[in-house]
Amino acid sequence: MPAQQRTSAEQDRLYAEATSLYGAALERLARAYEPDLERRRDLLQEIQLAVWRSFAGFGEQCSMRTWVYRVAHNVATSQVVRRRGRVPTWVSLDELAELHGSRDWERQFGEQHALERLFALIEQLRPLDRQVIVLYLEDTDAATIGEITGLSAVNVATKVHRIKRLLIERFRKGS
Amino acid sequence: MEHESTDSHVKGLWQQQLLQGSRMSREQLARRSAEFDRRILRRNALEYGAAAVVVAFLAVRVWFETDWVVRLAGLLLMAGAGVMAYQLHRRTSVQRMPTDLALEDCISFHRRVLERQRDALRSVWLWYLLPATPGVVLLLAAQRSARPLAVRLAALAAVAAFVLFVNGRAAGQLERAIDELDKSVE
């Protein structure tokens with residue numbers, strides 16, 4: 001369906017609706033991509049701006065949820081790709097699972113709050129795996145995860161299975 | 001059962017985070033949007049402005065130069081500077097059509113960002129080195145120097161080779177990032 005041009009009032013209405021429904025999720029998403037507080041605020045504002053501007057062409061090509069999450073993740077990915085040289089090397093879900101049980105991990109995070117451990121886990125992940133785990137934690141169904149990320153249903157199921165296993169291993173031990 | 005309770009526990013941790021609840025107002029959005037557009041305009045003006053300064057400088061030199069070979073070299077360098085400025089802008093400027101951000105799924109978007117960067121680096125010989133080469137070679141040929149022309153051209157070739165090597169290596173890293181992305185969706 002071709003993108004239609006929305007009026008300014010429609011654009012504002014859609015934005016208000018989107019922030020009402022997904023505003024908190026976008027803030028959590030920004031946290032998943034940016035640990036630094038100042039940069040996170042900046043990223044969140046960039047995401048909100050991109051979502052608002054994007055609604056000028058929203059023609060219900062997909063659900064609002066898919067639309068908003070695609071914009072948000074794509075904006076965040078652009079930022080992390082730009083900063084790639086200055087951040088630690090990312091790992092995949094499989095590689096992260098292999099790090100489980102190392103003494104360093106237990107020593108480093110044994111005493112910290114579970115939420116901080118969760119963020120530390122997410123920050124190590126490659127952009128695509130990060131997108132899936134964040135969407136999973138937001139209770140996004142598998143079909144929508146696939147629509148947002150471009151993953152096939154099989155790939156989504158595989159990644160979700162790995163996420164569940166990882167979370168059980170890391171948070172069962174730590175709780 | 002235990003798996004489900006861990007799952008719920010972690011999701012609960014995630015979704016019940018303490019948030020700042022910051023939302024930009026309509027006025028703040030409009031202001032930031034205008035700031036963003038101004039930043040892009042400023043960046044474009046800087047890129048083309050730098051090229052314009054180079055061209056203006058060369059134009060003055062060409063005007064007062066009596067050696068026709070050096071004049072020709074100057075004209076070629078002016079043309080080269082214009083081509084480089086245009087190509088630099090076309091290949092490396094930020095492309096942020098807001099609607100496009102939503103029309104592409106995350107994998108396609110990420111792949112396109114990486115490919116664009118990779119292609120710009122791979123084609124640096126075409127849009128960065130080649131436009132300047134005719135003018136520089138002619139200028140070297142026209143200069144009176146103790147060093148033989150062959151030596152000076154070899155030095156030029158060495159610089160070009162180094163530029164190609166550095167950009168090629170960076171393009172290779174991006175290619176590996178694209179391969180990683182492709183493997184993760186297999």
Side-chain angles (χ1 to χ4, degrees), chain A residues 3 12 15-16 19 23-25 27-28 31 41 44-46 48-58 61-62 66-71 73-75 77-78 81 84 92 114-115 118 126-129 131 134 136-139 146-152 155 159 164 167-168 171-172 175, chain B residues 2-37 94-114 116-117 170 173-174 177 180-186:
Chain A
D12 292 343
Y15 177 74
T19 49
E27 215 173 319
R28 291 189 289 264
R31 175 59 187 90
R41 257 191 220 127
L44 180 60
Q45 286 189 352
E46 216 177 297
Q48 289 174 354
L49 177 63
V51 167
W52 177 65
R53 282 167 70 126
S54 77
F55 278 135
F58 180 60
Q61 299 89 335
C62 56
T66 296
W67 184 275
V68 168
Y69 275 127
R70 274 186 186 167
V71 170
H73 278 290
N74 285 342
V75 168
T77 298
S78 295
V81 166
R84 179 79 190 263
S92 66
L115 187 59
L118 181 57
R126 288 178 186 149
L128 180 58
D129 291 334
Q131 286 153 12
V134 167
Y136 171 76
L137 290 169
E138 294 288 348
D139 274 323
E147 205 181 12
I148 292 165
T149 59
L151 284 166
S152 67
N155 272 318
K159 286 192 184 292
K164 285 180 174 176
L167 294 179
I168 287 162
F171 291 90
R172 184 185 59 196
S175 60
Chain B
E2 187 191 5
H3 294 184
E4 280 166 17
S5 80
T6 305
D7 205 57
S8 304
H9 167 64
V10 177
K11 281 185 178 176
L13 267 180
W14 176 261
Q15 292 174 23
Q16 285 152 31
Q17 291 174 55
L18 214 59
L19 301 170
Q20 294 193 323
S22 50
R23 311 266 186 280
M24 287 205 285
S25 66
R26 174 63 171 81
E27 291 68 34
Q28 285 173 315
L29 286 165
R31 197 167 47 241
R32 196 160 165 129
S33 181
E35 267 167 33
F36 173 77
D37 289 337
V94 170
Q95 289 184 337
R96 289 251 309 259
M97 298 301 294
T99 316
D100 289 351
L101 288 169
L103 293 178
E104 265 185 310
D105 60 61
C106 296
I107 291 169
S108 305
F109 178 83
H110 191 187
R111 199 173 203 285
R112 192 166 58 81
V113 165
L114 293 172
R116 189 159 180 260
Q117 290 177 352
Q173 286 172 350
L174 288 164
E180 265 175 26
L181 189 60
D182 288 343
K183 277 200 188 86
S184 67
V185 301
E186 279 169 5

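Every chain is numbered from 1, with letters handed out A, B, ... down the list of sequences.
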(request) State whether the side chain of A:Asp12 and the backbone N or O of B:Arg26 hold a donor-acceptor pair below 3.5 Å, judged by distance alone. (result) no

(request) Could you tell me which of A:Arg28, A:Arg31, A:His73 has the largest number of non-hydrogen atom pairs under 4.5 Å with chain B? (result) A:Arg28

(request) Measure from the side-chain N and O atoms of A:Glu27 to the backbone N and O of A:Leu44, and report whether any donor-acceptor pair falls under 3.5 Å. (result) no

(request) Examine whether an atom of B:Gln173 lies under 4.5 Å from a heavy atom of chain A, and if so say whether it belongs to the side chain, the backbone or both; otherwise answer neither. (result) neither

(request) Measure A:Tyr136 against the heavy atoms of chain B and call it side chain, backbone, both or neither at under 4.5 Å. (result) both

(message) I'd like to check the ring-ring contact (aromatic ring centres under 6.0 Å, His included) partners of B:His110; sequence neighbours left out, ordered by chain and number.
(response) none

(request) Measure distances from A:Thr19 to the heavy atoms of chain B and classify the residue's part below 4.5 Å as side chain, backbone, both or neither. (result) both

(message) Under a 3.5 Å distance rule, please check whether B:Gln17 uses its side chain to pair with a backbone N or O of B:Trp14 as donor and acceptor.
(response) yes

(message) Whether the side chain of A:Thr77 engages the backbone of A:Asn74 through a donor-acceptor N/O pair (distance < 3.5 Å, no angle test) should be reported.
(response) no

(message) Using a strict threshold of under 4.0 Å (side-chain N to carboxylate O), is an ion pair present between B:Asp100 and B:Arg112?
(response) no

(request) May I ask you to name which of B:Leu13, B:Leu114, B:Leu29 has the most heavy-atom pairs under 4.5 Å with chain A? (result) B:Leu29

(request) Please state whether the side chain, the backbone, both or neither of A:Leu128 comes within less than 4.5 Å of a heavy atom of chain B. (result) side chain

(request) Please state whether the side chain, the backbone, both or neither of A:Leu167 comes within less than 4.5 Å of a heavy atom of chain B. (result) both

(message) Given heavy-atom pairs under 4.5 angstrom as the criterion, report whether the side chain, backbone, both or neither of A:Leu151 touches chain B.
(response) both

(message) Can you tell me which portion of A:Gln131 sits under 4.5 Å from chain B's heavy atoms? Options are side chain, backbone, both or neither.
(response) side chain

(request) Would you kindly say whether A:Thr66 and A:Glu147 are connected by a side-chain donor-acceptor distance under 3.5 Å? (result) yes

(request) Could you tell me which portion of B:Val113 (side chain, backbone, both or neither) has an atom closer than 4.5 angstrom to a non-hydrogen atom of chain A? (result) side chain

(request) Could you tell me which portion of A:Asp139 (side chain, backbone, both or neither) has an atom closer than 4.5 angstrom to a non-hydrogen atom of chain B? (result) both

(message) Testing the 3.5 Å rule here: is there a donor-acceptor pair between the side chains of B:Ser22 and A:Arg41?
(response) no

